[in-house]
Amino acid sequence: MSELRGILVEQVERLVADAGGVAPLREVEAGQFPQALWDGLSEQGLALALVPEEAGGVGLSWGDAAALWQVLGKHGAPVPMAEAMLGAALLSAAGVEVPDGVLALGEKGAPFGRHAANAVKLDGARLTLHPVEGANPGANIGREPRDDLTLAPRSAAGILPNSHGPRALRLGLALIRAAQIAGALERILALAVDWANTRKQFGRPIGKFQAVQQQLAAMAGEVAAVQVAVSNAARAVDARGLAEAGFEIGCAKVVAGEAATFGAATAHQVFAAIGITEDHELHHFTRRLWAWREEGGTDRAWAAEIGKLALARGGANLWPDLTARDA
């Protein structure tokens with residue numbers, strides 16, 4: 001991790017942690033918006049983090065952004081800052097001025113759409129910005145706002161460059177969700193390890209039993225795999241652009257989706273019934289894992305796409321294609 005990235009991660013970690021742990025998640029699930037946390041993150045320049053400096057932004061790399069998204073995921077992503085970062089990056093790439101405030105992605109099932117002033121839509125490579133006139137509230141299984149929006153006529157429009165491509169919104173959201181899954185898995189692994197070392201059964205901590213140790217070790221392996229996959233995908237975006245990093249992003253989403261399923265199940269097995277009680281924090285993260293694995297393309301959808309590409313290229317090209325991507 002670079003020194004700059006380390007400083008940014010530390011700052012965001014501190015801001016979100018100081019917001020009160022799971023308190024902001026409970027607020028979100030009750031229909032409130034953690035405005036103070038949003039303002040704090042915005043003051044750090046996060047909303048414009050992926051916008052180039054010459055366009056008034058911070059000019060971070062996608063690798064830096066993915067590290068920050070993992071921090072947000074580690075705390076349950078109580079505000080839609082990751083989505084705002086992606087929306088601002090796409091607007092800037094299309095030559096459209098980035099508006100202030102919460103920025104929604106899309107029109108149907110828009111994350112935190114009810115709190116947004118503007119929404120970004122993508123039709124092929126044509127990007128449009130629309131003021132939000134109203135929202136029909138909805139929620140995913142994590143109880144996060146996923147709203148159908150009523151949009152005013154576009155206030156601005158632009159064309160994304162070829163480096164972003166017509167699937168930029170889906171690819172960017174897939175990378176965000178994979179990164180957030182990595183962060184949330186890191187959090188629930190820490191919770192499970194702490195519980196295993198605290199909870200006693202038959203006169204000793206349950207973490208002393210080999211079966212529990214094996215479960216936690218396997219979960220730790222899944223966490224590491226997702227973190228590596230996300231880092232590799234973000235590095236590919238920095239090197240070749242979103243449009244040419246679909247393979248790496250798809251792989252990261254597959255690894256993240258499978259790890260989310262395994263990690264959530266393992267954590268609940270370690271915690272047993274207490275993990276699903278309303279007062280416990282575990283379910284706030286596992287419900288989000290289940291929701292995020294479905295967004296930005298499921299692991300099955302991405303696996304099917306990757307498989308079709310491999311079949312089209314033929315078996316003789318599989319290994320050369322894989323190794324060439326590292327170059």
Side-chain angles (χ1 to χ4, degrees), residues 8-51 56-58 60 65 68-92 97-107 109-120 129-152 155 173 176-177 179-180 183-184 187 278 281 283-285 287-288 291-292 295:
L8 290 169
V9 166
E10 182 180 347
Q11 288 178 337
V12 173
E13 179 87 50
R14 184 168 57 251
L15 275 170
V16 184
D18 289 347
V22 297
L25 304 184
R26 298 186 190 280
E27 290 178 9
V28 167
E29 295 180 11
Q32 303 174 48
F33 186 73
Q35 189 66 48
L37 177 57
W38 171 269
D39 292 342
L41 293 172
S42 297
E43 289 171 4
Q44 297 295 319
L46 251 65
L48 300 178
L50 284 170
V51 175
V58 181
L60 295 185
L68 297 175
W69 296 337
Q70 289 185 57
V71 174
L72 292 175
K74 184 179 176 181
H75 294 274
V79 289
M81 184 54 70
E83 292 86 348
M85 290 168 65
L86 174 60
L90 298 183
L91 286 171
S92 177
E97 184 177 354
V98 181
D100 294 330
V102 178
L103 195 59
L105 299 180
E107 185 175 10
F112 290 80
R114 71 193 72 170
H115 304 294
N118 294 276
V120 175
L129 180 67
H130 301 258
V132 176
E133 290 188 335
N136 182 24
N140 61 17
I141 194 173
R143 301 178 193 163
E144 298 175 298
R146 295 294 186 265
D147 308 320
D148 293 340
L149 303 180
T150 301
L151 304 180
S155 57
L173 185 59
I176 286 174
R177 294 297 181 249
Q180 289 177 330
R187 176 64 173 271
E278 186 61 32
E281 65 178 294
H283 66 90
H284 288 283
F285 295 94
R287 284 189 285 103
R288 281 164 172 77
W292 294 341
E295 297 178 345

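Because only heavy atoms are used, hydrogens play no part in the values below, and waters and symmetry mates are left out as well, while side chains stay in.
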- Would you check if Gln32 and Arg26 make a side-chain contact, meaning some heavy-atom pair closer than 4.5 Å? no

For Ala119 and Leu151 the tightest heavy-atom approach is CB-CD2, 3.8 Å

When rounded to the nearest 0.5 Å, the distance separating CD of Glu144 from CD of Glu29 is 8.0 Å

Distance only, no hydrogens: is a donor on one side chain within 3.5 Å (strictly under) of an acceptor on the other, for His284 and Arg143?
no

Tightest non-hydrogen contact, residues Val16 and Pro78, listed as CG1-CG, 4.3 Å

query: Is the side chain of Thr150 donor-acceptor paired with the backbone N or O of Glu133 at a distance under 3.5 Å, no angle test?
result: no

Trace of the side chain to side chain contact (heavy atoms under 4.5 Å, CB included) decision for Val120 with Leu129: CA-CA 5 Å; Val120 175; Leu129 180 67; 4.2 Å; yes

dist Leu68:CG -> Ile176:CD1 (nearest 0.5 Å) comes out at 11.5 Å

CG of Leu86 to CG of Leu103, rounded to nearest 0.5 Å, is 9.0 Å

Exercise for review: Would you check if there is a donor-acceptor pair between the side chains of His115 and Gln35 at a distance under 3.5 Å?
Suggested key: no

Taking every heavy atom of Ala84 against every heavy atom of Trp38, the minimum-distance pair comes out as CB-CH2, 3.8 Å

Side-chain heavy-atom pair Leu105, Leu90 within 4.5 angstrom cut-off:
no

Nearest heavy-atom contact between Leu37 and Leu15 is CD1-O, 3.9 Å

- Applying side chain to side chain contact (heavy atoms under 4.5 Å, CB included), run through Leu25 and Arg288 and close with a yes or a no. CA-CA 10 Å; Leu25 304 184; Arg288 281 164 172 77; 3.9 Å; yes

* Beyond-backbone contact of Glu278 with His283, side-chain heavy atoms, under 4.5 angstrom -> yes

Between Pro111 and Asn140, is there a side-chain heavy-atom distance shorter than 4.5 Å?
no

Set out, in order, the CA-CA distance, both residues' side-chain angles and the distance that settles side chain to side chain donor-acceptor pair (under 3.5 Å) for Gln11 and Arg14, then state yes or no. CA-CA 5 Å; Gln11 288 178 337; Arg14 184 168 57 251; over 6 Å; no

d(Arg287 CZ, Trp292 CH2) to nearest 0.5 Å is 11.0 Å

>> More than 12 heavy atoms of other residues, nucleotides or ligands under 6.0 Å from CG of Asp39: yes or no?
In response: yes

**Report entry** Arg146 side chain vs Gly109 backbone, donor-acceptor pair below 3.5 Å
**Finding:** no

Heavy-atom closest pair (Pro80 atom, Phe33 atom, distance to 0.1 Å) is CD-CE1, 3.7 Å

When every non-hydrogen atom of Leu50 is compared with those of Ala65, the smallest separation belongs to CD2-CB, 3.8 Å

Separation between CE (Met81) and CH2 (Trp69), nearest 0.5 Å, reads 12.5 Å

Exercise. Can any side-chain N or O of Asp147 pair as donor or acceptor with the backbone N or O of Arg114 at less than 3.5 Å?
Worked result: yes

